[in-house]
Undergrad: 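Pasting in a structure now, in structure tokens, and then I'll have a few things to ask.
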Amino acid sequence: MTHLFPIRRDGDRPWLLDLYSCAGGAGTGYRRAGFHIVGVDLAPRPNYPFAFHQADALDFLANLIATGEIGRFSFVHSSPPCQAGCTLTVGTNRAMGWGGTHADLVPPTRVLLEASGLPYVIEQPNGRAEIRKDLTLCGEMFGLGVLRHRNFELGRWSVTRPAHPKHRGRVRGWRHGEFFDGPYVAAYGNGGGKPTVAELQTAMGIDWTDVREELTEAIPPAYSQWIGTQFLTQVRAGVAA
């Protein structure tokens with residue numbers, strides 16, 4: 001049998017499947033935590049720094065399950081496209097009649113993740129995405145130049161929520177014709193006093209891509225490094241699945 005991935009052996013880093021990987025913000029954090037990474041995204045991602053497959057994430061995961069190749073992995077991270085439930089879509093865009101219809105990929109992703117039998121994460125931004133908010137992380141927890149709150153549903157494992165420190169000020173930019181300064185930059189969009197690409201890279205802790213779209217879609221690697229470290233600590237202690 002020809003295997004898609006190297007066989008995991010004693011002493012090797014465990015393998016992590018990074019679904020809807022974008023340019024590798026999550027993958028980089030997990031790599032720093034101690035995983036080998038395989039990314040999957042529908043779009044070509046030449047800046048992705050690890051092994052990568054351009055494919056439909058749901059089809060790819062379903063094939064891994066059907067063939068048994070999912071057994072090569074120890075953990076799955078997923079960041080399904082969030083446009084259907086993000087704050088901008090359900091707020092301003094809907095009120096103004098902007099934008100189109102967006103598919104909600106969270107439910108079918110969850111079904112396959114459950115079928116995989118592996119511990120997993122589903123990541124989504126604040127909004128109305130229907131996930132359990134088992135964990136919420138913020139840039140201020142890691143001393144970053146963005147707030148970028150992100151929610152995580154944890155499947156087959158759990159972790160104690162870290163304290164959410166008080167924000168030090170506002171996000172820099174224009175609001176309703178008035179400019180506000182602050183210690184954080186807005187990691188989304190282009191107008192309204194948004195940061196330069198270089199400022200985004202510094203604020204997010206991402207230096208391997210200079211594509212604005214990839215930067216604004218990414219989660220800071222500090223988030224997934226924290227998650228990955230917590231999971232591996234539990235595994236080594238015999239706690240996690």
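Here the structure is a predicted model, which means the values were calculated and not measured.
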Undergrad: Please check if the side chain of Asp18 supplies one atom and the backbone of Val38 the other of a donor-acceptor pair under 3.5 Å.
TA: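 Looks like no, no N/O pair under 3.5 Å.
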Undergrad: What I want to check is whether the side chains of Tyr120 and His77 have a donor and an acceptor closer together than 3.5 Å.
TA: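 Per modelled atom types, Tyr120 and His77 side chains form no pair under 3.5 Å.
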Undergrad: Could you tell me whether Arg212 and Glu217 have a side-chain N and a carboxylate O separated by less than 4.0 Å?
TA: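 Result for this pair is no, no salt bridge flagged.
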Undergrad: Would Ser21 and Val40 satisfy side-chain contact (heavy atoms from CB on, under 4.5 Å), going step by step from the backbone distance to the final call?
TA: CA-CA 6 Å; Ser21 64; Val40 182; 5.6 Å; no
Undergrad: What are the two closest heavy atoms between Ala26 and Ile219, and how far apart are they?
TA: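 Minimum heavy-atom contact is CB-CD1, 3.8 Å.
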Undergrad: Does Phe73 reach the side chain of Leu64, with side-chain heavy atoms less than 4.5 Å apart?
TA: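 In short, these two side chains touch, coming nearer than 4.5 Å.
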Undergrad: Can you hop from Leu147 to Ile206 via hydrophobic side chains spaced under 4.5 Å?
TA: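 No: no chain of side-chain contacts under 4.5 Å links Leu147 to Ile206.
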Undergrad: At their closest point, which heavy atom of Ala187 faces which heavy atom of Val146, and how far apart are they?
TA: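 The pair with the smallest heavy-atom distance is CB-CG1, 4.1 Å.
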Undergrad: Between Glu123 and Ser78 (side chain of the first, backbone of the second, donor and acceptor by atom type, cut-off under 3.5 Å), is there such a pair?
TA: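 Looks like no, no N/O pair under 3.5 Å.
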Undergrad: Is the backbone N or O of Tyr184 less than 3.5 Å from a side-chain atom of Arg168, with the two atoms forming a donor-acceptor pair by type?
TA: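 No.
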Undergrad: Backbone N or O of Glu199 within a donor-acceptor pair of the Thr202 side chain at under 3.5 Å?
TA: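 The answer is no, because no donor-acceptor pair under 3.5 Å joins these two groups.
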Undergrad: Just do the ring pair (Phe, Tyr, Trp, His ring centres under 6.0 Å) check on Phe60 and His53 with the steps written out, would you?
TA: CA-CA 9 Å; Phe60 195 87; His53 294 265; 5.0 Å; yes
Undergrad: Check Gly189 against Thr216 and note the closest heavy-atom contact, atom names and distance.
TA: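 Minimum heavy-atom contact is N-CG2, 4.3 Å.
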Undergrad: Less than 4.0 angstrom from a charged side-chain N to a carboxylate O is my criterion; do Arg175 and Glu178 meet it?
TA: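 A salt bridge is absent here (no side-chain N lies under 4.0 Å from a carboxylate O).
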Undergrad: Centres of the Phe50 and Tyr48 rings: under 6.0 Å?
TA: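 Yes, the ring of Phe50 comes within the 6.0 Å limit of the ring of Tyr48, centre to centre.
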Undergrad: Report the residue from Thr136, Ile131, Leu137 that forms a side chain to side chain contact (heavy atoms under 4.5 Å, CB included) with Phe152.
TA: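 Going through Thr136, Ile131, Leu137 one by one, the side chain to side chain contact (heavy atoms under 4.5 Å, CB included) with Phe152 is satisfied by Leu137 alone.
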Undergrad: Is there a side-chain contact between Asp41 and Phe52 in this structure, where contact means two heavy atoms from C-beta onward sitting under 4.5 Å apart?
TA: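 Result yes, sub-4.5 Å side-chain heavy-atom pair found.
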Undergrad: Minimum heavy-atom separation for Val211 and Thr209, please, with both atom names.
TA: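 Closest approach of Val211 to Thr209: N-OG1, 3.2 Å.
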Undergrad: Which distance, rounded to the nearest 0.5 Å, do you find between the CG of Leu58 and the OG1 of Thr109?
TA: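 OG1 of Thr109 is found 4.5 Å from CG of Leu58.
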Undergrad: Check whether Phe35 forms a cation-pi arrangement with Arg13 (NZ or CZ under 6.0 Å from the six-membered ring centre, at most 45° off the ring normal).
TA: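 Not satisfied by the 6.0 Å and 45° rule.
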Undergrad: Looking at Asp134 and Leu154, would you say the former's side chain and the latter's main chain have a donor-acceptor pair under 3.5 Å?
TA: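 Present.
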Undergrad: For a 4.5 angstrom cut-off between non-hydrogen side-chain atoms, does Val171 reach Val185?
TA: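 No, every pair of side-chain atoms sits at 4.5 Å or beyond.
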Undergrad: Is the shortest distance from a Lys or Arg side-chain nitrogen in Arg45 or Glu214 to a carboxylate oxygen in the other one below 4.0 Å?
TA: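 Glu214 and Arg45: salt-bridged.
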Undergrad: Where is the tightest heavy-atom contact between Thr229 and Thr233, given as atom of each residue plus distance?
TA: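 Smallest interatomic distance, heavy atoms only, reads O-OG1, 2.7 Å.
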Undergrad: For a 4.5 angstrom cut-off between non-hydrogen side-chain atoms, does His167 reach Cys138?
TA: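 The answer is yes; the side chains approach within 4.5 Å.
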Undergrad: Are any side-chain N or O atoms of Gln225 and backbone N or O atoms of Gly29, one a donor and one an acceptor, separated by less than 3.5 Å?
TA: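 Answer holds: no.
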Undergrad: Would you say the side chain of Pro125 lies within less than 4.5 Å of the side chain of His149, judging by non-hydrogen atoms?
TA: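 Side-chain contact under 4.5 Å: no.
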Undergrad: Check step by step if side-chain contact (heavy atoms from CB on, under 4.5 Å) holds for Arg110 and Ile122.
TA: CA-CA 8 Å; Arg110 182 187 293 111; Ile122 302 175; 3.9 Å; yes
Undergrad: Heavy atoms, side chains only, cut-off 4.5 Å: are Val106 and Gln124 in contact?
TA: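 They are in side-chain contact.
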Undergrad: In Å and rounded to the nearest 0.5 Å, what is the CG to CG distance from Asp210 to Leu200?
TA: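 The distance works out to 11.5 Å.
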Undergrad: Do the charged groups of Glu140 and Lys166 touch, with an N to O distance under 4.0 Å?
TA: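 Between Lys166 and Glu140 there is no salt bridge, as every charged N stays at least 4.0 Å from the carboxylate O atoms.
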Undergrad: Backbone N or O of Val239 within a donor-acceptor pair of the Gln234 side chain at under 3.5 Å?
TA: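 Pair absent, no side-chain N/O of Gln234 close to backbone of Val239.
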Undergrad: What's the separation between atom CH2 in Trp15 and atom NE2 in His36, rounded to the nearest 0.5 Å?
TA: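 Result: 5.5 Å between the selected atoms.
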Undergrad: Which is it for Leu215 and Val197 under the side-chain contact (heavy atoms from CB on, under 4.5 Å) test, yes or no, and what are the steps along the way?
TA: CA-CA 8 Å; Leu215 288 164; Val197 164; 3.8 Å; yes
Undergrad: Please say yes or no: joined through hydrophobic side-chain contacts below 4.5 Å, possibly via intermediate residues, are Val159 and Leu16 part of one cluster?
TA: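 Per the 4.5 Å side-chain linkage, Val159 and Leu16 are co-clustered.
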Undergrad: Check the orientation of Trp157 and Phe231. Use parallel for under 30°, tilted for 30 to 60°, and perpendicular for over 60°.
TA: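 It falls in the perpendicular class, over 60°.
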Undergrad: Leu112, Leu17: one ILVMFWY side-chain cluster at the under-4.5 Å cut-off?
TA: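 Yes, because Leu112 and Leu17 connect within a single hydrophobic cluster, where side-chain heavy atoms sit under 4.5 Å apart.
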Undergrad: What residue among Pro220, Pro49, Ser224 forms side chain to side chain contact (heavy atoms under 4.5 Å, CB included) with Thr28?
TA: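 Per the side chain to side chain contact (heavy atoms under 4.5 Å, CB included) rule, the option paired with Thr28 is Pro49, out of Pro220, Pro49, Ser224.
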Undergrad: Using a cut-off of 6.0 Å, state whether more than 12 heavy atoms not belonging to Glu114 lie near its atom CD.
TA: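 More than 12 within 6.0 Å, yes.
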Undergrad: How close do Met141 and Pro162 get, counting heavy atoms only, and between which atoms?
TA: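 Closest heavy-atom pair between Met141 and Pro162: SD-CG, 4.1 Å.
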Undergrad: With a 4.5 Å cut-off on side-chain heavy atoms, are Leu19 and Val76 touching?
TA: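 Yes, their side chains come closer than 4.5 Å.
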Undergrad: Between the side chain of Asp181 and the main-chain N/O of Arg172, is any donor-acceptor distance below 3.5 Å?
TA: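 Side chain of Asp181 to backbone of Arg172, a donor-acceptor pair under 3.5 Å: no, none is there.
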Undergrad: For the CD1 atom of Ile37 and the OH atom of Tyr30, what is their distance to the nearest 0.5 Å?
TA: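 Ile37 CD1 to Tyr30 OH: 8.5 Å, rounded to 0.5 Å.
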Undergrad: Nearest 0.5 Å, please: how far is CG in Asp12 from OG in Ser74?
TA: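 That separation rounds to 10.5 Å.
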Undergrad: Is a side-chain N or O of Trp208 found less than 3.5 angstrom from the main chain of Gly25, in a donor-acceptor match?
TA: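 No: the side chain of Trp208 does not pair with the backbone of Gly25.
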Undergrad: Roughly how far, to the nearest 0.5 Å, is the CG atom of Leu135 from the CG atom of Asn151?
TA: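 It comes to 8.5 Å.
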